[in-house]
Visitor: 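Next up is a structure, given as structure tokens.
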Amino acid sequence: MDTIATAPIEGQVPGTSGLRKKTRIFTQTGYLENFVQSIFNAIGGADDKTFVVGGDGRFFNDTAIQTIVKMAAANGARKLIIGRNGLLSTPAASHLIRLNKTDGGIILSASHNPGGIDEDFGIKFNVPNGGPAPEGITGAIYHQTTVLQEYRIADVADIGLSRDGIQAVGAMQVEIVDPVARYHDLMETLFDFDKLRALFASGFRMKFDAMHAVTGPYATAILEKALGAPEGTVINGVPLPDFGRGHPDPNPVWAKPLMVLMMSPQAPDFGAASDGDGDRNMVVGRSIYVTPSDSLAVLAANAHLAPGYQAGLAGVARSMPTSAASDRVAERLGINSFETPTGWKFFGNLLDEGLVTLCGEESAGTGSNHVREKDGLWAVLLWLNILAERRLSVLEILNDHWNTYGRDYYSRHDYEAIPIEAGNEIMDHLRNRLAELPGQVHGDETVASADEFSYLDPVDGSVSENQGMRIQFESGSRAVFRLSGTGTEGATLRIYLSRFAPPGDDHGLETQQALRQVQQAAMAIAAVQAHTGRTDPDVCT
Ligand code: VG1
Ligand code: CO
């Protein structure tokens, strides 16, 4: 074992979902090592502990895993459970942590950010409940990075990652496992696989775009092999270190070819995509894109049709910028609903306490109490189970939903890579004017209320402040402003827009058209053009 002297490295601050940086930063000597040692230090050492380790297969994944193996051994860990070839989707890692009752896990991913030597890399620590470390722990990890003086690493050869089974690294055991098998078992307990097989046998057709990311093997094993969907149902199914030079973000912009197919006369019945690490999902029907906020609401309203949820739901939680569509369902069902800050770590306590069963975010994340991460393929299977039971098209299901609950028109506008100062100025400027905004008229909108969201966790009493500016208009529309916590270049301003059309209203408007009025008011209030020179967003989802 070697103890290597090091010094704190600036800026190792975990964001919304772990530490994300340019790959070239992560590959600098000591960068990964410092952060991994800081994780171990923050949790009281790794001695005699067991961890799950895996990642989304992006460039540097395997090298990073070899480093983590040597560091875990030198820090006295008892055992590591690693996905074959270093691959584990984020939800599968969460499941393995829970199933094996480990002391946590280390997940290597920058999720929806592109991969490669000139792109992004990331690392995060998950706690024993299988979920992302809460702020108390990420804060402790960051503190460790600022005082670190040494790290421990065993001077041993690389291990083999390609063959399942147990091997020894000094006194530590390493078990290489099939990344898909246990996850597949779990899905079988939640969904009616016979019914899904019958659905595909009856001629139902879908395309699942794995975006050359980690979900390919999971989707192929479950959709094609277990459920009998025709070969070719899963496209871009082989994980690649650079995601085929794509941007593994399942939204209408980055999953464009799938969108084009689904809007064409050749469209199959159902389309779906997932992100780099498999925790996000996009759902699209023939000629209809389902916003993630609507998807959460539809899943909440119909989950009882799947065996795993037939007893009903305890409640539904959504992140604050997500539309209120799921609140309306919870209200009608008479179950709990919660509004949390952005990031899956805030759902953990609610799930652990049994206060909610489903959770979701507007950024294409949906999940349940089966793991403690959002889960892309799970959401797709739940949709399929609902479609198999209801025998309606996606469009019919949405129309029915909107007729019952009303429609929340929704879109997120991202202004990417703006100067960090400009991003901060916009937020400061908004914060300073919150008190004077109510009553102001901007274009056709009048501000009803304005505040900065902060969250009091009802389970552990922790408070998370500065979680975004909310502006509610008298029309019922809403605009929310946040700075992204996952980017690696400058700042990304996210403007979340929504407008409610009650049952009976026109639900057939084009989304951006429906939101134009609130968008113009939002741009004026935040003075986006004055601060950034930008008039249009880079990405609208
Ligand atoms: C984004 C999303 C957020 C999500 C996070 C991690 O964060 O908005 O909803 O939880 O990514 O998702 P931010 O801070 O950039 O807005 V994943 O799939 O990238 O781990
Ligand atoms: Co992800």
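FYI, side chains are in, hydrogens and waters are out, and symmetry mates aren't considered; it's all heavy atoms of this structure. In listed order, ligands and their atoms are each counted from 1.
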Visitor: Return yes if some donor-acceptor pair links the side-chain N/O of Asn126 with the main-chain N/O of Ile107 below 3.5 Å, else return no.
Guide: no
Visitor: Which protein non-hydrogen atom lies closest to atom 7 (O) of ligand 1, naming both residue and atom, and how far is it?
Guide: Thr486 CG2, 3.5 Å
Visitor: Could you tell me whether ligand 1 has any atom less than 4.0 Å away from a heavy atom of Lys124?
Guide: no
Visitor: Show the atoms of ligand 1 that are less than 4.0 angstrom away from any heavy atom in Arg412.
Guide: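 Once the distances to Arg412 are compared, the set is 8 (O).
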Visitor: Looking only at distances, can you tell me whether any N or O atom of Asp275, backbone or side chain, sits closer than 3.5 Å to an N or O atom of ligand 1?
Guide: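 Between Asp275 and ligand 1, an N or O pair is found under 3.5 Å apart.
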Visitor: Tell me whether Asp408 is salt-bridged to Arg499, with the criterion being a basic N under 4.0 Å from an acidic carboxylate O.
Guide: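 Arg499 and Asp408: not salt-bridged.
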Visitor: So if I count the atoms of ligand 1 from 1 in the order they appear, which ones are less than 4.0 Å from some heavy atom of Ser111?
Guide: 17 (V), 18 (O), 19 (O), 20 (O)
Visitor: Could you list the atoms of ligand 1 found under 4.0 angstrom from a heavy atom of Arg494?
Guide: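 Checking each atom against Arg494, I get 8 (O), 13 (P), 15 (O), 16 (O).
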Visitor: Under a 4.0 Å N-O cut-off, is there an ion pair linking Asp209 with Lys207?
Guide: no
Visitor: Students should be able to answer this: which protein heavy-atom is nearest to atom 9 (O) of ligand 1, and at what distance?
Guide: Ser363 OG, 2.6 Å
Visitor: Provide the number and element of each atom of ligand 1 under 4.0 Å from a heavy atom of Ser17.
Guide: 6 (C), 20 (O)
Visitor: Any salt bridge linking Arg182 with Asp178? Criterion: basic side-chain nitrogen under 4.0 Å from a carboxylate oxygen.
Guide: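 Result for this pair is no, no salt bridge flagged.
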Visitor: Considering the heavy atoms of Gly343, write down every atom of ligand 1 situated less than 4.0 Å from one of them.
Guide: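 Counting from 1, the qualifying ligand atoms are 10 (O).
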Visitor: May I ask you to list the atoms of ligand 1 that are less than 4.0 angstrom from any heavy atom of Arg20?
Guide: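 The atoms of ligand 1 under 4.0 Å from a heavy atom of Arg20 are 17 (V), 19 (O), 20 (O).
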Visitor: So, are Arg58 and Asp277 salt-bridged, with charged N and O less than 4.0 Å apart?
Guide: no
Visitor: Using a strict 4.0 Å cut-off to heavy atoms of Thr342, name the atoms of ligand 1 that fall inside it.
Guide: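 In order of numbering, the contacting atoms are 3 (C), 8 (O), 9 (O).
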Visitor: Which of these, Glu373, Glu361, Arg280, has its nearest heavy atom closest to atom 1 (C) of ligand 1?
Guide: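 Shortest heavy-atom distance from atom 1 (C) of ligand 1: Arg280.
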Visitor: Nearest 0.5 Å, please: how far is CZ in Arg318 from OG1 in Thr342?
Guide: 10.5 Å
Visitor: Is the shortest side-chain N to carboxylate O distance from Glu489 to Lys21 below 4.0 Å?
Guide: no
Visitor: Do Asn100 and Thr102 pair up side chain to side chain, a donor and an acceptor below 3.5 Å, judged on atom types alone?
Guide: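 No donor-acceptor contact under 3.5 Å links the two side chains.
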Visitor: The Co ion (ligand 2) as vertex, arms to OD1 of Asp279 and OD1 of Asp277: angle to 10°?
Guide: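 That angle is 90°.
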Visitor: Using a strict threshold of under 4.0 Å (side-chain N to carboxylate O), is an ion pair present between Asp249 and Arg280?
Guide: yes
Visitor: Is it true that Phe481 and Phe453 have ring centroids separated by less than 6.0 Å?
Guide: no
Visitor: Please identify which atoms of ligand 1 are closer than 4.0 Å to at least one heavy atom of Thr16.
Guide: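 Under 4.0 Å from Thr16, ligand 1 has these atoms: 5 (C), 7 (O), 13 (P), 14 (O).
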Visitor: If you measure every N or O of Gly485 against every N or O of ligand 1, does any of those distances drop under 3.5 Å?
Guide: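 Yes; at least one N/O pair falls below 3.5 Å.
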Visitor: Could you pull out, from His112, Glu362, Lys374, the option with a heavy atom nearest to atom 12 (O) of ligand 1?
Guide: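 Of the listed residues, Lys374 has the closest heavy atom.
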Visitor: Have a look at the Co ion (ligand 2) and estimate, to 10 degrees, the angle subtended by OG (Ser111) and OD2 (Asp275).
Guide: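 Angle OG(Ser111)-the Co ion (ligand 2)-OD2(Asp275): 90°, rounded to 10°.
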